[in-house]
Q: 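Here it is, the structure in full.
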Amino acid sequence: MAPRASTHTPIARVRAPAARRRDERFPDVPEGTAPEPSGTSLRALREAAAACKRCDLWRPATQTVFGAGSPRARIFVIGEQPGDNEDIAGEPFVGPAGQLFDRAIEELGLDRRTMYVTNTVKHFKFEPRGKRRIHKQPNPAEQKACHIWLERELKAVKAEVIVCLGAIAAKAVFGSKFALMKQHGQWQSLPDGRRAFATMHPSWVLRQRSDADREAAFRAFRTDLALLSEMNELH
């Protein structure tokens, strides 16, 4: 299953100068804290999150990767954390997983411009391996430290539906007892009245070993996302 070509602008793979110390980027922000946003708008949140030091992931990462989209988006999509491509570009879901997500929603007749897309954790956690940076799962403390930004994004964006991609995102929204492989593709009701559901992260689809397994995983992923078509039927 070959993913379609991305519609995003190619990413210039330029990282911050090696001589620049990470702890000198935001010298006035104490360790373990973040600046208080100047307001509740997405712009204010994005500016404050850029200098976040609530956990140590900001040190090796190139930059904070905040959410992208309109505060009037109808659909709020939550992933797990940025990857290598996102860390360089400063935008969520622009790498291979993002391209697969784009393919799925395009096949369903959905438009990403109607969505706000973000991640549970805003910095890329990785393990250097030669010249490559290999994704590492953020631990519970790192997820907790970053949760304040997700909470504020959810308040700022008045979306009708929330979609969680992957277990980390699902547990951040539904709680630690949520079982993704058993409960994916099922509507849930949130305390604020919004509807939500979870599905697998597109990177899970890409990790399947054979073409046949990847195709089956993609079909399951797309079937879950097809719940979003109900929104169009109700309007």
Q: If only side-chain N and O atoms count, and only distance matters, is there a donor-acceptor pair under 3.5 Å linking Arg214 with Ser210?
A: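 No, no side-chain donor-acceptor contact under 3.5 Å.
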Q: Do Met200 and Ile75 land in one hydrophobic cluster if side-chain heavy atoms of ILVMFWY residues count as linked below 4.5 Å?
A: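 Yes, Met200 connects to Ile75 through the hydrophobic network.
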Q: Do His201 and Phe93 have their ring centres less than 6.0 Å from each other?
A: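 Here the rings of Phe93 and His201 have centres that are less than 6.0 Å from each other.
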Q: For the residue pair Leu45 and Thr40, what are the closest heavy atoms and their distance?
A: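 Between these two residues, the closest heavy atoms are CD1-O, 4.1 Å.
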Q: Before giving the answer on side-chain contact (heavy atoms from CB on, under 4.5 Å), spell out for Leu42 and Val157 the whole-Å C-alpha distance, their side-chain angles and the decisive distance to 0.1 Å.
A: CA-CA 8 Å; Leu42 288 175; Val157 180; 4.0 Å; yes
Q: To the nearest 0.5 Å, how far apart are NE2 in His123 and SG in Cys52?
A: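 SG of Cys52 is found 6.5 Å from NE2 of His123.
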Q: Can you spot which of Asp84, Ile88, Asn85 makes a side chain to side chain contact (heavy atoms under 4.5 Å, CB included) with Phe124?
A: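 Result: among Asp84, Ile88, Asn85, Asp84 is the only option passing the side chain to side chain contact (heavy atoms under 4.5 Å, CB included) with Phe124.
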Q: Under the 6.0 Å and 45° cation-pi test, does Arg133 pair with Phe126?
A: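 Yes, Arg133 and Phe126 form such a contact.
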Q: Can you name the nearest heavy-atom pair linking Trp149 to Pro37, along with the distance?
A: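 Looking at all heavy atoms of both residues, the closest pair is CZ3-CG, 4.0 Å.
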Q: With distance as the sole test, does Arg54 use its side chain to make a donor-acceptor pair with the main-chain N or O of Thr33 at under 3.5 Å?
A: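 No; zero donor-acceptor contacts below 3.5 Å.
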Q: Between CZ of Phe221 and CZ of Phe101, what distance do you get to the nearest 0.5 Å?
A: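 It comes to 6.0 Å.
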Q: For the OG1 atom of Thr199 and the CG atom of Leu165, what is their distance to the nearest 0.5 Å?
A: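 Going from OG1 on Thr199 over to CG on Leu165, the span is 7.0 Å.
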Q: Indicate yes or no: does Lys155 engage Glu151 in a salt bridge with an N to O separation below 4.0 Å.
A: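 Looking at Lys155 and Glu151, the cut-off is not met.
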Q: Any link between Phe197 and Phe218 through a network of hydrophobic side chains (Ile, Leu, Val, Met, Phe, Trp, Tyr) touching at under 4.5 Å?
A: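 Yes, one cluster joins them.
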Q: Which word best sums up how the rings of Phe76 and Tyr116 line up, parallel for under 30°, tilted for 30 to 60°, or perpendicular for over 60°?
A: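 The arrangement is tilted - the two ring planes meet at 30° to 60°.
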Q: Could you report the tightest heavy-atom contact between Ala198 and Leu180, atom names first, then the distance?
A: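 Residues Ala198 and Leu180, closest heavy atoms: CB-CD1, 3.7 Å.
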Q: Between the side chain of Lys53 and the main-chain N/O of Glu31, is any donor-acceptor distance below 3.5 Å?
A: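 Here the side-chain-to-backbone pair does not exist.
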Q: Closest approach of Gln63 and Asp87, non-hydrogen atoms and distance?
A: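 It is NE2-O, 2.9 Å.
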Q: Would you check, one step at a time, whether the test side-chain contact (heavy atoms from CB on, under 4.5 Å) holds for Val77 with Thr118?
A: CA-CA 6 Å; Val77 180; Thr118 193; over 6 Å; no
Q: When rounded to the nearest 0.5 angstrom, what distance separates CD in Gln183 from SG in Cys164?
A: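 Gln183 atom CD to Cys164 atom SG measures 11.5 Å (nearest 0.5 Å).
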Q: Following the transitive rule for hydrophobic clusters with a side-chain heavy-atom cut-off under 4.5 Å over Ile, Leu, Val, Met, Phe, Trp and Tyr, establish whether Val65 and Val94 coincide in one cluster.
A: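 Val65 does not cluster with Val94.
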Q: How long is the straight-line distance from CG of Asn119 back to OG1 of Thr64, given to the nearest 0.5 Å?
A: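 Result: 12.0 Å between the selected atoms.
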Q: Nearest 0.5 angstrom please: Ile168 CD1 to Glu80 CD, how far?
A: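 With rounding to 0.5 Å, CD1 (Ile168) is 4.5 Å from CD (Glu80).
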Q: Take Arg222 and Arg219 through the side-chain contact (heavy atoms from CB on, under 4.5 Å) test and state the conclusion after the steps.
A: CA-CA 5 Å; Arg222 187 181 57 195; Arg219 288 198 303 268; 3.8 Å; yes
Q: Within the side chain of Gln208, is there an N or O that forms a donor-acceptor pair under 3.5 Å with the backbone of Glu215?
A: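 No; zero donor-acceptor contacts below 3.5 Å.
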Q: With Glu142 as reference, evaluate Lys136, Arg59, Lys125 under the salt bridge (charged side-chain N to carboxylate O under 4.0 Å, His left out) test and give the passing residue.
A: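 That would be Lys125.
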Q: If I compare all heavy atoms of Phe174 with all of Leu190, which pair ends up nearest, and what's the gap?
A: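 Looking at all heavy atoms of both residues, the closest pair is CE2-CD2, 3.8 Å.
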Q: Mind checking whether Leu228 and Val117 sit in one hydrophobic cluster, side chains of I, L, V, M, F, W, Y counted as touching below 4.5 Å?
A: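 Yes, Leu228 and Val117 fall within the same hydrophobic cluster.
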Q: Does Gly83 offer a backbone N or O that forms a donor-acceptor pair with the side chain of Glu86 under 3.5 Å?
A: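 Judged by distance alone, yes, a pair lies under 3.5 Å.
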Q: May I ask you to decide if Asp102's main-chain N or O and Arg112's side chain share a donor-acceptor pair within less than 3.5 Å?
A: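 Side chain of Arg112 to backbone of Asp102: no pair is present.
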Q: Where do Glu47 and Phe66 land on the side-chain contact (heavy atoms from CB on, under 4.5 Å) test, with the steps shown first?
A: CA-CA 9 Å; Glu47 290 174 349; Phe66 204 71; over 6 Å; no
Q: I'd like to know if Arg194 pairs up with Glu160 as an ion pair, taking the criterion as any Lys NZ or Arg NE/NH1/NH2 lying under 4.0 Å from an Asp or Glu carboxylate oxygen.
A: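 The answer is no: the pair does not qualify as a salt bridge.
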Q: Taking all heavy atoms of Asp224 and all of His184, pick out the closest pair and write down the distance.
A: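 Scanning both residues, the minimum pair turns out to be OD2-ND1, 2.7 Å.
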Q: For the residue pair Gln81 and His135, confirm or rule out a side-chain donor-acceptor distance under 3.5 Å.
A: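 Per modelled atom types, Gln81 and His135 side chains form a pair under 3.5 Å.
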Q: What I want to find out is whether Glu153 reaches Lys122 closely enough, with some N-O distance under 4.0 Å, to be called a salt bridge.
A: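 Yes.
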Q: Consider only side-chain heavy atoms of I, L, V, M, F, W and Y, link residues closer than 4.5 Å, and tell whether Leu206 and Ile134 are in one cluster.
A: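 No, separate clusters.
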